**Student:** 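One structure, as structure tokens, below. Some questions next.
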Amino acid sequence: MEEAAAHPYVPRDLKLPGYVPISMSMSSILAVYLGASLFVVTFVWFLLGRKKAHLDRLLMCWWAFTGLTHMVLEGYFVFSPEFYKDNTSCYLAEVWKEYSKGDSRYAGRDSAVIAVEGITAVIEGPACLLAVYAIAKGKSYSYVLQLAISLGQLYGCLVYFITAFLEGDNFATNSFYYYSYYIGANGWWVLIPLLISYRCWNKICESANGVETKMKKKIR
């Protein structure tokens, strides 16, 4: 029988048989992630969004960044149930070994986390890339799509935080990882979708009011 290896996660009695300690430093993991993110944002800003208004370019950068994060990072987590056993220094496995210090439900394969991340990776990820295309081409469904994705992200964050609270909210190794990973890293997916939702709602209402006004004029 495979023995449970020592790990840095909380609770300490969490069973992770075959656990292989993380081999990359936190700074190395962050440097790769930030570098890749900067490349994506730069590519979208200067090539895909060069003819768009600044706000639209920012939105395209956000949707490209968050879409690839959902599909690549979160997709790897969903379809790699034993990432904590990886001994090849695979970057994506290292990311989740490190992040689990802020929320050990990832290493422990919590069912609520898997469900939220699965929906996010498979549905919201591709939808985010579709939003990039919709903004670039000025598609009529752009605002509705952005609103739908943002509401999905907000719902996912609510489920993520509420289930942790109901289960005792004791999954971080220490307060540093709790506030930097669990709160800080996820807080952007609450703040930015809220702002986008507000903007899209106003745009949709303006459009609907415009159509209604035109209809009234025709009737008169």
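All figures in this text were calculated on a predicted structure; none of them were measured in a lab.
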**Student:** Do Leu73 and Tyr33 come close enough that some side-chain heavy atom pair is under 4.5 Å?
**Tutor:**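 They are in side-chain contact.
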**Student:** Keeping Asn202 on the side-chain end and Cys205 on the backbone end, is there a donor-acceptor pair under 3.5 Å?
**Tutor:**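 Side chain of Asn202 to backbone of Cys205, a donor-acceptor pair under 3.5 Å: no, none is there.
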**Student:** Show the numbers, then the answer: is there a side chain to side chain donor-acceptor pair (under 3.5 Å) between Ser150 and Gln146?
**Tutor:** CA-CA 6 Å; Ser150 296; Gln146 291 180 71; over 6 Å; no
**Student:** Going from CG on Leu130 to CD1 on Ile135, what distance comes out if it is rounded to the nearest 0.5 angstrom?
**Tutor:**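 So the CG of Leu130 and the CD1 of Ile135 are separated by 10.0 Å.
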**Student:** For the residue pair Glu98 and Ile29, what are the closest heavy atoms and their distance?
**Tutor:**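 Closest approach of Glu98 to Ile29: CB-CD1, 3.8 Å.
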**Student:** Using every non-hydrogen atom in the two residues, find where Leu154 and Ser197 come nearest and quote the distance to one decimal.
**Tutor:**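 Minimum heavy-atom separation between Leu154 and Ser197: CD1-OG, 4.1 Å.
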**Student:** Output yes when a side-chain donor or acceptor of Tyr181 lies under 3.5 Å from a complementary backbone atom of Phe176, and no otherwise.
**Tutor:**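 Absent.
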**Student:** For residues Asp103 and Tyr178, is any side-chain donor paired with an opposing acceptor at under 3.5 Å?
**Tutor:**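 Absent: no donor and acceptor within the cut-off.
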**Student:** Ignoring hydrogens and angles, tell me if any N or O in the side chain of Arg105 forms a donor-acceptor pair with the backbone of Ser100 under 3.5 Å.
**Tutor:**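 It does not hold such a pair.
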**Student:** What distance do Thr66 atom OG1 and Ile149 atom CD1 have between them, rounded to the nearest 0.5 Å?
**Tutor:**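 Atom-to-atom, Thr66:OG1 and Ile149:CD1 are 9.0 Å apart.
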**Student:** Is it the case that the side chain of His70 and the backbone of Glu117 share a donor-acceptor pair, with hydrogens and angles ignored and the cut-off at 3.5 Å?
**Tutor:**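 Checking the backbone N and O of Glu117 against the side chain of His70, no donor-acceptor pair under 3.5 Å is found.
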**Student:** Any side-chain heavy atom of Arg199 sitting closer than 4.5 Å to one from Leu55?
**Tutor:**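 Touching, per the 4.5 Å side-chain cut-off.
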**Student:** So is Arg109 actually on top of Phe83's ring, under 6.0 Å and inside 45° of the axis?
**Tutor:**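 So Arg109 doesn't make the cation-pi contact.
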**Student:** Check whether any side-chain heavy atom of Phe65 lies under 4.5 Å from a side-chain heavy atom of Cys128, and answer yes or no.
**Tutor:**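 Not touching, per the 4.5 Å side-chain cut-off.
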**Student:** With heavy-atom distances below 4.5 Å as the criterion, would you say the side chains of Tyr133 and Lys139 are in contact?
**Tutor:**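 The answer is yes, as the side chains (C-beta and beyond) meet within the 4.5 Å cut-off.
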**Student:** Side chain of Ser104, backbone of Val10: donor and acceptor closer than 3.5 Å?
**Tutor:**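 Indeed, once roles are kept as given, a pair shorter than 3.5 Å links the two residues.
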**Student:** For residues Ala121 and Glu74, report the shortest heavy-atom separation together with the two atoms involved.
**Tutor:**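 Minimum heavy-atom separation between Ala121 and Glu74: CB-C, 4.1 Å.
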**Student:** What do the steps show when you test Tyr106 against Phe77 for ring-ring contact (aromatic ring centres under 6.0 Å, His included), and what is the final call?
**Tutor:** CA-CA 8 Å; Tyr106 282 81; Phe77 163 74; 4.8 Å; yes
**Student:** Could you go step by step and tell me if Tyr160 and Tyr155 meet the ring-ring contact (aromatic ring centres under 6.0 Å, His included) rule?
**Tutor:** CA-CA 9 Å; Tyr160 178 67; Tyr155 178 78; over 10 Å; no
**Student:** For the residue pair Trp189 and Trp62, categorise the inter-ring angle as parallel (less than 30°), tilted (30 to 60°) or perpendicular (more than 60°).
**Tutor:**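 Tilted: the ring planes of Trp189 and Trp62 meet at 30° to 60°.
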**Student:** Any donor-acceptor pair under 3.5 Å linking the side chain of Thr173 with the backbone of Lys101?
**Tutor:**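 Yes; judged by distance alone, with no hydrogens or angles, the pair exists.
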**Student:** Would you name the heavy atoms of Ala64 and Val40 that are closest together and state the gap between them?
**Tutor:**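 Result for this residue pair: CB-CG1, 3.9 Å.
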**Student:** Do you see a donor-acceptor pair shorter than 3.5 Å between the side chains of Glu167 and Thr163?
**Tutor:**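 No, because no side-chain N or O of Glu167 sits under 3.5 Å from a partner of the opposite role on Thr163.
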**Student:** Hey, is the main chain of Met60 close enough, under 3.5 Å, to the side chain of Trp45 for a donor-acceptor pair?
**Tutor:**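 Absent.
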**Student:** Are Trp63 and Val41 connected in the hydrophobic side-chain network, where two residues link if heavy atoms are under 4.5 Å apart?
**Tutor:**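 No, because Trp63 and Val41 fall into different hydrophobic clusters, even though each may have its own neighbours under 4.5 Å.
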**Student:** Using modelled atom types and a 3.5 Å cut-off, is there a donor and acceptor pairing between side-chain atoms of Lys97 and backbone atoms of Asp86?
**Tutor:**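 Present.
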**Student:** If I take atom CE from residue Met26 and atom OH from residue Tyr99, how far apart are they, to the nearest 0.5 angstrom?
**Tutor:**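 Separation between the atoms: 14.5 Å.
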**Student:** Hey, are Ser28 and Ser25 close enough side-chain-wise for a donor-acceptor pair under 3.5 Å?
**Tutor:**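 The answer is yes; a qualifying pair exists.
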**Student:** Any side-chain heavy-atom pair from Tyr182 and Phe161 closer than 4.5 angstrom?
**Tutor:**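 Side-chain contact under 4.5 Å: yes.
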**Student:** Please tell me if the side chains of Met71 and Glu124 come closer than 4.5 Å, counting only heavy atoms from C-beta onward.
**Tutor:**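 Heavy-atom side-chain distance check fails, nothing below 4.5 Å.
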